[in-house]
*Asks:* 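Quick one: structure below, then a few questions.
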Amino acid sequence: DPPRRFVGEALAWPFSPLPSLSSHKMLPLHRRPSNSVPIACLALLCVLVALGMVNRLGDPQMRSGVCRAGCHRSWFAPRPQTARYGARGLRGGQVAPRVVMDRPLDYKEHLAAVGDNYKQLMEELVALGQNHIFEQWPAPGTDDDKKEEMMKQLEDLDKKTPGGLIDYIKRSTDLLEKAQKGGNNLKGFVPSVPTGERLKVGDEKFRDMEITGMTEAAHSAFVLVAGGLGERLGFGGIKVSLPSEVVTEKPFLQLYAEHILALQARAREGSGDRSLKLPLAIMTSGDTHQRTVDLLEANDYFGLDKDQVTLLEQQKVPAMNNKNAHLALDPENPYRILTKPHGHGDVHTLLHQSGTAKKWASEGRRWVVFFQDTNGLIFQAVPALIGVSKRLELEVNTLTVPRRPGEAVGSICHLKNNENGKQLTVNVEYNQLEGLLKSTVSPEGDVPSPETGYSPYPGNTNALVFRVEPYVSVLEKTGGLMPEFVNPKFKDDARVTFKKPTRLECMMQDYPLLLERDARVGFTQLERWACFASAKNNAADAASQFEKTGFAESASTAEAAIYDMFAQKLRRHGANVEEGEKVSFNGVPTLIGPKIILAPSFSTSYDELCRKFVTPEKVSISKSSTLYLDGRDIEVKSLDLDGTLSVKAVPGAHVVIDGLKIENKGWPLVSVDANDKSVSEKLRIRGYTIDRVDEEKVSYVFDKPGEYSLP
C-alpha cells in the first residue's frame, strides 16, 4: 500500500532520505477507491508533521534523538524533556505510525517526581517568569532525585532568604529595572555635616565621655561581624584567627573576648552584681561558621561563658543572570541555583530572626556595639563611643575618623531633600560624595578644611552603637529587612544581560534609612591612630594602596598601629617614649617603634591607663623596646626600659614597678621570605617574625595573689 509506506518513511525523515512522491505512482484522487481518501488525508497530515521538524534541524539537541521507521511504528524523541502524544485513528484505532509532538514539559508534569509539597512554590516561581528553572529538566523518570534536591534548595532559600524567595525576586525585578534605567538615588538631596562630637584623646571632653561610657558599658551587648576568610590577606584561615600582633600572638577573636571580659569585670565591680555578663553575638558565614566554632571550643571560648556567646550564620541569596531577575543556575550543576553573599547588613536580619535583639531588650540592655573582624584598636574607642551616644541621646552613633578629600572611605552626611522635606543621616559612598557636593553646596567638590586639612565630612569606620529599644522596634516593623541595592555589570549598552550573575546586597551602615525623620543619628570622631587600623590587604595590594592613600591596611601595618597607639597614649600622658621609624617588610612601609602591649585586663580606658602609670615623667621607653603588661593590679611608678619587659599578674596580685631599669637585647623583628613555605603563613604575610631573646630572663609571672614589687 504506497500511502502507508509513505507515512512510515515520512516519519523516519530527517534521519533517512525523504522519498520522492513520483516514485509511488499514486492514482489520481477521482480514480482511487473510496476508502483511500482518509488514508491520503492521513498521509498529508504526516507530511506536514515531518516538514515541521525541519525547523528543528539546526538544534543539536534534536540530533541526539532516536528514530525508528517502519510500517507499523515510528516515533521521534529528541530529548527526554519532550512530550509524547500518540494520535487516535479516524475509526477509533491507534494509528500504526505513532506521531510524537516535541514541546517543553509543563512544570506540573514534574510534580509526580518531586512531590505535591512543592506545587505552590513551583507555581509562584513560574508566575514570576522563572520557567527556565524547570524547562531544562528532563522528562519524569530521569534525574528525579536531582530535581527533588533542587526543589529542596529552593524551599530552603525561601525560608532563609530575607523576606522569602518570592519577595526577593519581586524586589530584584524592581531594583534591576531601576538599575537598567540608571539615575541618581541622591538627586534632590543637599548634604551637610551631621550632629556629632570630634574628640581628641586625653582632652577633658574625651575623658568625660569615656567615664560616662564605662558606666553605660554595663548595659551593653556586642556584635562581631566575622563572615570573612583571610584570602585577600594571603591567609588561609578565618580572619578572626589571625594573630593581632606577634608579641603575644593573640588572635583577634581572643583580643575582643578579653576586652569584653575586662569591661564585664569593671561592670561587676561598679554594680556589685557578680553574675553580670556582657553578651557577644558573632555573625559568621558558611565559609567561616564551623571554623569559628572550632576556634572557640579549642580555646574554651577565650574565657567567655559559652551561654554568653551567640553564633548567627549568614546565608547566601540567589544570584540573577539578567534584568528580568531570572535565577542563575550553577554552571557546574544545572540542578542547583547559584548563590552569593548578601552583605553584612544581614546582621540586623539575623539579630531579629533569632530573637537575640528582642532578648537583649528584655534583659534591660541599652546599647549594641557593632564592630568588624580585624580592627585591633576598636575597643580603645568603645567607652567614648557609648558615652557620646548617652550624652547626645543618639539612636545610631557611627565611629568616624578624619578623612582626606577623595579618600576611598564612605562619609557620614546629613541629607535634606528641599522638595519633599525628607531628612536623614547616613553613610554616602566616596564615589557618590564628590558629585553630590559639586551639584549642591561645593562647586569645587570635596575640599579640605583650611583649619584641619581634612574633609569636613567624617570618614566611616563601620563601627556603630545603637540604642536597643528603638532598634528592636524598627526591626519588628520591618521584619528585619534591610534596604537593598543591586550593582549589575552589564555586557553592553543595551543593559539587558550581565557580564556575570549579580544579586541584591545590603550594608549594616544603611540601617538609618529605615528611621523616621526625627530619629537622632550622629557620629563620634577620633584620631585614626586611636581607633582604626584594619588588616585586609596582601603585601602587593597593600604597597599599592599605601602609594595612593598613605594607608596600607596590611597585617604588618595593623599590628604596628596597635604598638603605636599605646606609645602615643603614653606620650600624651607625659611618658618619654621614643618615636619609631618606617621599615619595609614585604615591600610595605611599616612604622616600627617600641612594641607596647597593654592587655585589656591592665586598662580598659585612657583614664585607667593614666591611673596605672602614676608618675609618667619617670617612665622612659626606647624605640627598640618591647613592653607587655597583663594584670588588673599592676602599677608603674618608675621605669627605664631599653629592651624587653613582660609582666603577668593574676587578679589580686598587686605588682608595683618602681625604680626598675632594664637593659637587654630586646625582641627584635626579623625579616622572613614571603615565599618560604617553612615559615608559618601568619608570619609570611607580615614579612617578619619576632626573636624572643632570653624570654625567661625578661618575663615575670605572678600567679598568686599578694604584694609584689619590681625590682
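Heads up: numbering here begins at 1 and tracks the sequence.
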*Asks:* Mind running side-chain contact (heavy atoms from CB on, under 4.5 Å) on K277 and D305 for me, showing each step along the way?
*Replies:* CA-CA 9 Å; K277 295 180 183 180; D305 288 342; 2.9 Å; yes
*Asks:* Report the C-alpha separation of F466 and H348 in whole Å, then their side-chain angles, then the decisive distance to 0.1 Å, and conclude whether the ring-ring contact (aromatic ring centres under 6.0 Å, His included) test is met.
*Replies:* CA-CA 11 Å; F466 288 5; H348 303 302; 5.6 Å; yes
*Asks:* Kindly say whether E484 contributes a backbone atom to a donor-acceptor pair with the side chain of E505 at under 3.5 angstrom?
*Replies:* no
*Asks:* Consider only side-chain N and O atoms of T310 and T356, and report whether a donor and an acceptor are under 3.5 Å apart.
*Replies:* no
*Asks:* Considering non-hydrogen atoms only, spot the tightest contact between L278 and Q264 and give its length.
*Replies:* N-OE1, 3.0 Å
*Asks:* Which heavy atom in A357 sits nearest to a heavy atom in Y471, and how many Å separate them?
*Replies:* CB-CE2, 4.3 Å
*Asks:* List the atom of V223, the atom of V368, and the distance in Å for their closest heavy-atom pair.
*Replies:* CG2-CG1, 3.6 Å
*Asks:* Can you tell me how far the CZ atom of R366 sits from the OG atom of S220, to the nearest 0.5 Å?
*Replies:* 9.0 Å
*Asks:* Where the side chain of D676 meets the backbone of S678, is there a donor-acceptor pair that is under 3.5 Å apart?
*Replies:* yes
*Asks:* Any Lys/Arg nitrogen of K623 or E579 sitting under 4.0 Å from an Asp/Glu carboxylate oxygen of the other?
*Replies:* no
*Asks:* Enumerate the salt bridge (charged side-chain N to carboxylate O under 4.0 Å, His left out) contacts for residues 523-536, please, sequence neighbours excluded, ordered by first and then second residue.
*Replies:* E407-R528, E527-R572, K536-E553
*Asks:* Quick one: is the NZ or CZ of K612 closer than 6.0 Å to the six-membered ring centre of F602, and within 45° of its axis?
*Replies:* yes
*Asks:* Does L514 reach the side chain of M482, with side-chain heavy atoms less than 4.5 Å apart?
*Replies:* yes
*Asks:* Is the number of heavy atoms from other residues, nucleotides or ligands under 6.0 Å of R692 CZ greater than 12?
*Replies:* yes
*Asks:* How about M150 and I337: do any of their side-chain heavy atoms sit closer than 4.5 Å?
*Replies:* yes
*Asks:* Which donor-acceptor pairs under 3.5 Å do the side chains of residues 227-241 make with protein atoms, sequence neighbours left out?
*Replies:*
unit_1, atom_1, unit_2, atom_2, d
R232, NE, N537, OD1, 3.3
R232, NH2, N537, OD1, 3.2
K239, NZ, D373, OD2, 3.4
S241, OG, I238, O, 2.7

*Asks:* Any idea which heavy atoms bring A542 and V588 closest together, and the distance?
*Replies:* CB-CG2, 3.9 Å
*Asks:* Do S699 and E695 pair up side chain to side chain, a donor and an acceptor below 3.5 Å, judged on atom types alone?
*Replies:* no
*Asks:* Is it true that K152 and D156 make a salt bridge, defined as a side-chain N closer than 4.0 Å to a carboxylate O?
*Replies:* no
*Asks:* Keeping T604 on the side-chain end and P600 on the backbone end, is there a donor-acceptor pair under 3.5 Å?
*Replies:* no
*Asks:* Quick check for you: to the nearest 0.5 Å, what is the distance between L311 atom CG and I282 atom CD1?
*Replies:* 5.5 Å
*Asks:* Which atoms form the tightest heavy-atom contact between K316 and P341, and what is the distance?
*Replies:* CG-N, 4.0 Å
*Asks:* Report yes or no: do E258 and Q254 form a side-chain donor-acceptor pair below 3.5 Å?
*Replies:* yes
*Asks:* Would you please indicate yes or no on a ring centroid separation below 6.0 angstrom for F379 and F222?
*Replies:* yes
*Asks:* Taking atom types as modelled and ignoring hydrogens, do the side chains of H344 and Q314 form a donor-acceptor contact shorter than 3.5 angstrom?
*Replies:* no
*Asks:* Could you tell me if S556 and S554 have a donor-acceptor pair between their side chains, going purely by distance under 3.5 Å?
*Replies:* yes
*Asks:* Walk me through whether W360 and L351 qualify under side-chain contact (heavy atoms from CB on, under 4.5 Å).
*Replies:* CA-CA 10 Å; W360 288 344; L351 287 170; 4.1 Å; yes
*Asks:* Treating E578 as the side-chain partner and P594 as the backbone partner, does any N or O pair qualify as donor plus acceptor under 3.5 Å?
*Replies:* no
*Asks:* Give the C-alpha distance, both sets of side-chain angles, the deciding distance and a yes or no for side-chain contact (heavy atoms from CB on, under 4.5 Å) between D630 and V647.
*Replies:* CA-CA 6 Å; D630 184 356; V647 181; over 6 Å; no
*Asks:* So, Y301 and N299: side-chain donor and acceptor under 3.5 Å apart, yes or no?
*Replies:* no
*Asks:* With no hydrogens and no angle check, do the side chains of Q568 and D564 hold a donor and an acceptor under 3.5 Å apart?
*Replies:* yes
*Asks:* State whether a side-chain donor-acceptor pair under 3.5 Å links N397 with T524.
*Replies:* yes
*Asks:* Return the minimal non-hydrogen interatomic distance between R403 and V409, and the atom names on each side.
*Replies:* NE-O, 3.1 Å
*Asks:* Under the 3.5 angstrom rule, does the side chain of K665 hit a backbone N or O of T644 as a donor-acceptor pair?
*Replies:* no
*Asks:* Give a yes or no answer on whether the side chain of T161 reaches the backbone of L157 with a donor-acceptor pair at less than 3.5 Å.
*Replies:* yes
*Asks:* Return yes if some donor-acceptor pair links the side-chain N/O of E210 with the main-chain N/O of Y606 below 3.5 Å, else return no.
*Replies:* yes
*Asks:* Within the distance-only criterion (no hydrogens, no angle test), does the side chain of S389 pair as donor or acceptor with the backbone N or O of L385 below 3.5 angstrom?
*Replies:* yes
*Asks:* May I ask you to say whether K250 pairs ionically with E245, meaning some side-chain N is under 4.0 Å from a carboxylate O?
*Replies:* no
*Asks:* Check the pair L609, L570 against side-chain contact (heavy atoms from CB on, under 4.5 Å), reporting the backbone distance first and the verdict last.
*Replies:* CA-CA 8 Å; L609 179 150; L570 287 174; 3.9 Å; yes
*Asks:* Could you measure the distance from the CG atom of D294 to the NE2 atom of H289? Nearest 0.5 Å is fine.
*Replies:* 9.5 Å
*Asks:* Would you find a donor on one side and an acceptor on the other, under 3.5 Å apart, between the side chain of N460 and the backbone of I412?
*Replies:* no
*Asks:* Using a strict cut-off of less than 4.0 Å between a Lys/Arg side-chain nitrogen and an Asp/Glu carboxylate oxygen, indicate whether K146 and E149 qualify as a salt bridge.
*Replies:* no
*Asks:* Is the ring centre of F302 less than 6.0 Å from the ring centre of Y256?
*Replies:* no
*Asks:* Has K595 got a side-chain atom pairing as donor or acceptor with L627's backbone, closer than 3.5 angstrom?
*Replies:* no
*Asks:* Please report, to 0.1 Å, the donor-acceptor pairs under 3.5 Å made by any side chain of residues 667-674, with sequence neighbours excluded.
*Replies:*
unit_1, atom_1, unit_2, atom_2, d
W667, NE1, V693, O, 3.0
D673, OD1, N675, N, 2.9

*Asks:* Strictly below 4.0 Å, N to O, side chains only: are R632 and E608 in salt-bridge contact?
*Replies:* yes
